[in-house]
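Below, read A as the first sequence line, B as the second, and so on, with proteins coming before strands; counting in each chain starts at 1. It should be emphasised that the depicted structure is a prediction, and the values quoted were computed from it without experimental measurement.
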Amino acid sequence: MAQIGQILVDVPTMQTNDPYSYAIPSKLEHQVQVGMRVIVPFGRGHRVVSGVVVGLTDATSFDGELKPIQAVLDLAPVLNDELRALADWLADTTYAFRITCIQTMLPNQLKTQTERQVQPTQTLTPNEMATYFPDGAPREFTDKLDDATVAGLLKLQRAGKVEMTYQVKDRSAVKTTTGIKPALTTIKLREIQDEVTKRAPKQADLLAYLQTMSPDRLIAQSTVVKAAHISSAVITAAADKGWLTKAPLEVYRDPFQQPVKPTQPLHLNAEQQVAVSAISNAVDGHQTENFLVEGVTGSGKTEVYLQSIAIALQQGRTALMLVPEIALTPQMVNRVKARFGQRVAVLHSGLSKGEQYDEWRRIDRGEATVVVGARSAVFAPVKNLGIIIMDEEHETSYKQDENPRYHARDVALWRGRYNDCPVVLGSATPSLETRARAAKGLYTRLVLAKRVNDHPLPAVHIVDMREELKQHSEGDFSESLLTAIQTRLDRKEQMVLMLNRRGYSSFVMCRDCGFVLKCPNCDISLTLHMDTHTMKCHYCGHEEAIPHVCPNCHSRKIRYYGTGTQKVEEALQKEFPTARILRMDVDSTRKKGAHERILRQFGQHQADILLGTQMIAKGLDFPNVTLVGVLNADTALGLPDFRASERTFQLLTQVSGRAGRAAKPGEVYIQTFNPDHYAIQLAQQQDYERFFVTEMHMRHQGSYPPYYFAVQLTASHEDEATAAKAMYQIVAALKQGLSDKAIILGPTPKAIARVKRKYYYQVVIKYKQEAKLKPVLEQIRQAAQIPARHGLTVTIDPEPMNFM
DNA sequence: AGCACGCCGACT
DNA sequence: GTCGGCGTGCTC
């Protein structure tokens with residue numbers, strides 16, 4: 001009989017990264033199970049923390065006295081064997097704490113919060129009482145209290161005059177409604193019914209209904225009221241008479257708005273057929289075969305996914321479908337629900353925390369067998385997976401940019417291996433990593449080159465903005481694009497205009513002295529926001545008034561430069577006064593539901609022009625759109641990032657796919673200052689294969705991924721010298737520990753060196769094989785514990801998404 | 001994270 | 001001489 005629980009405590013430090021042993025008191029003996037959350041005493045005093053049971057043993061190598069587990073928080077484990085193994089692997093590969101990984105995998109509701117309370121233990125002087133307990137009652141002890149109060153209370157605590165109590169708060173509250181069940185036998189109810197039939201017909205109705213109910217299953221009061229055609233007063237009266245009992249009944253919050261009309265599988269073309277049968281063979285054979293579905297926009301990838309999922313479901317297995325957060329629109333979700341109905345669970349940030357938890361539990365209980373969600377849905381507690389799909393696999397949002405710095409693709413591949421099921425990666429423009437792995441035979445490549453409706457890809461025109469600037473005055477629109485817009489307005493067709501990056505470089509500069517208004521906290525220029533008439537910092541949110549006089553030389557010639565969506569909208573409106581324009585960027589979609597509202601309006605042709613940032617490039621499908629304009633194709637090309645070309649190519653290809661989705665042919669205009677750049681040239685030709693070959697060559701030349709692996713280390717501190725010094729020490733450790741084949745870039749200040757009052761220094765290691773890499777990084781991680789006390793943060797990011 | 005122990009400066 | 005600063009170690 002297991003006596004000891006191995007607990008990972010909820011204290012994210014290096015020293016508590018391995019489980020601690022706790023005694024299991026006999027009264028909890030039959031409750032404690034591996035994978036459950038518990039409350040345990042931790043440290044001196046009465047402090048308690050939550051933890052997760054990761055093992056049950058009857059011996060321990062710890063030779064002190066074991067403390068007992070205080071309470072169990074769950075009725076059933078919240079982490080199954082697979083997810084526990086996954087947490088260990090995640091911690092190992094991302095250099096994050098085990099408990100941090102577990103927290104990331106669980107829904108927010110299951111994260112506990114700790115609270116401290118202070119109360120007097122003995123008579124305090126009236127003075128002390130008045131100072132510290134003005135309400136005469138125990139009070140909460142938070143770190144929001146002012147220093148003097150904290151100091152005073154701690155002093156009283158040392159004197160034993162007040163006591164601290166600790167509480168672990170579990171927020172996993174489930175929603176309940178009043179449920180009822182019969183309290184008497186059917187026979188007895190029948191007797192009473194006969195008695196009351198004449199004088200109390202409503203009570204008789206209820207009694208009749210109660211006889212149809214099972215005595216051990218609660219039914220919602222509201223359901224009974226409706227079914228028996230009675231009022232709730234009748235139920236209350238019946239409860240008083242002891243005919244029935246009321247009890248809280250657990251219900252799900254309902255994230256399904258309206259029922260979706262079911263759809264049937266569509267007819268597949270030859271390419272799709274090949275793809276589906278290859279994937280279903282792997283599903284059938286329980287093979288960990290992974291696929292890359294490379295399909296141009298409109299080639300029907302989604303239908304391939306849906307039919308592959310259907311195969312897994314037919315076998316009584318489950319499916320996980322990952323999509324980028326931005327593509328997780330109601331239209332997209334409805335498409336899946338239309339095929340699989342109530343079996344679908346959706347996990348995304350648009351749901352309330354409670355709804356997210358409910359969906360999680362539906363999955364955990366096996367009530368939902370198809371899971372659709374963004375990055376973190378890769379941790380969904382689906383059992384018996386038969387297939388994992390990751391759409392738009394090249395999207396960088398699949399990588400989490402905080403600890404644990406995991407890539408959902410890697411997690412998906414791990415789960416595929418664990419469950420002996422295929423993983424399907426899909427994209428029109430696969431990441432170089434994925435395409436290269438397919439070339440090496442690690443993934444089976446399935447190409448969908450044909451558009452399902454046989455519509456030709458749109459004609460793409462490149463507009464050389466250098467020429468435009470020579471011939472016309474400066475402006476955001478070229479003559480050819482303006483003409484194209486006018487044509488569409490005349491024909492009552494719609495168009496999408498994309499501006500690369502939000503509020504891109506609409507900064508304020510003095511034309512006399514060149515002074516640029518910068519954020520006092522961060523090292524970047526402030527962006528002009530015309531809606532609030534302020535200058536804003538996009539990193540820390542700092543806001544200040546728009547200057548009318550240069551703070552440096554007092555010239556009045558301080559003007560706005562560059563282009564933001566708002567400014568473009570104004571210019572566009574001036575050019576086409578009657579055009580109806582919808583703007584979609586981070587600012588106009590901040591409010592919940594705004595995103596969908598804008599798209600719906602556009603879909604109903606309430607506007608002619610949709611103007612926006614990157615977010616309009618993904619997955620929109622509007623048949624009436626015949627023109628796509630990219631106003632500034634090259635802003636990303638200038639970034640000091642080895643993936644700049646890849647990003648630009650992907651973005652241009654994606655956005656071009658938005659034109660001419662239906663019967664009307666589409667046209668694309670790309671305005672650029674680098675018309676000869678291969679990323680732009682090949683995007684024009686929509687030639688992914690040539691882009692792949694060209695870019696692979698560049699990566700090879702520069703010793704970049706996928707030819708090399710990469711790890712990025714960052715040190716940050718309020719004091720620049722401290723951050724720099726830490727980074728130099730880290731580099732010294734790296735140089736000593738690693739082979740001379742490893743390429744070490746840096747240390748360098750980050751491209752944006754100061755963010756939120758902190759300075760960032762970084763180093764990037766490029767390597768092919770480094771046996772000692774892991775131990776060296778572990779050692780750096782260990783060493784970073786000490787200066788962390790003084791505000792020095794060291795992060796390790798394996799395979800960073802950008803080197804900036 | 002959060003607490004106690006322990007070693008140095010300004011007070012009764 | 002003590003009170004209290006925060007630097008360091010430890011929590012089953």
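Nearest nucleotide to the A/Val11 side chain, out of B/dG2, B/dA1, C/dC12: B/dA1. Each of B/dG2, B/dC3, C/dC12 was ranked by its minimum atom distance to the side chain of A/Arg47; first place goes to B/dG2. For A/Tyr22, the listed nucleotide lying nearest its side chain is C/dC12; candidates were C/dC12, C/dT11, C/dT8. Closest to the side chain of A/Thr16, from the set C/dC12, C/dT11, B/dG2, is C/dT11. With distances taken from any side-chain atom of A/Lys67 to the nucleotides B/dG2, C/dC12, C/dT11, the minimum falls on C/dC12.
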Side-chain polar contacts of residues 775-782 of chain A - donor-acceptor pairs under 3.5 angstrom, sequence neighbours left out - could you list them?
{"unit_1": "A/Glu778", "atom_1": "OE1", "unit_2": "A/Arg781", "atom_2": "NE", "d": "3.3"}
{"unit_1": "A/Arg781", "atom_1": "NH1", "unit_2": "A/Tyr95", "atom_2": "O", "d": "3.0"}

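Dashed line: the shortest gap from a side-chain N or O of A/Tyr166 to OP1 or OP2 of B/dG2 is not under 4.0 Å. Close to B/dA1, at under 4.0 Å from its OP1 or OP2, lies no side-chain N or O of A/Arg116.
With sequence neighbours excluded, the residues satisfying side-chain hydrogen bond (donor to acceptor under 3.5 Å, both in side chains) with A/Asp18 are A/Arg98.
Side-chain N or O atoms of A/Arg375 include none that pairs as donor or acceptor with a backbone N or O of A/Glu325 at under 3.5 Å. At least one donor-acceptor pair under 3.5 Å links the side chain of A/Glu355 to the backbone N or O of A/Ser352.
Summary of the strand contacts: A/Tyr20 and A/Ile786 both lie near DNA chain C, and taking for each the nucleotide with the nearest heavy atom, the more 5' one is attributed to A/Ile786.
For the pair A/Arg44 CZ and C/dC10 P, the computed distance is 9 Å after rounding to whole Å.
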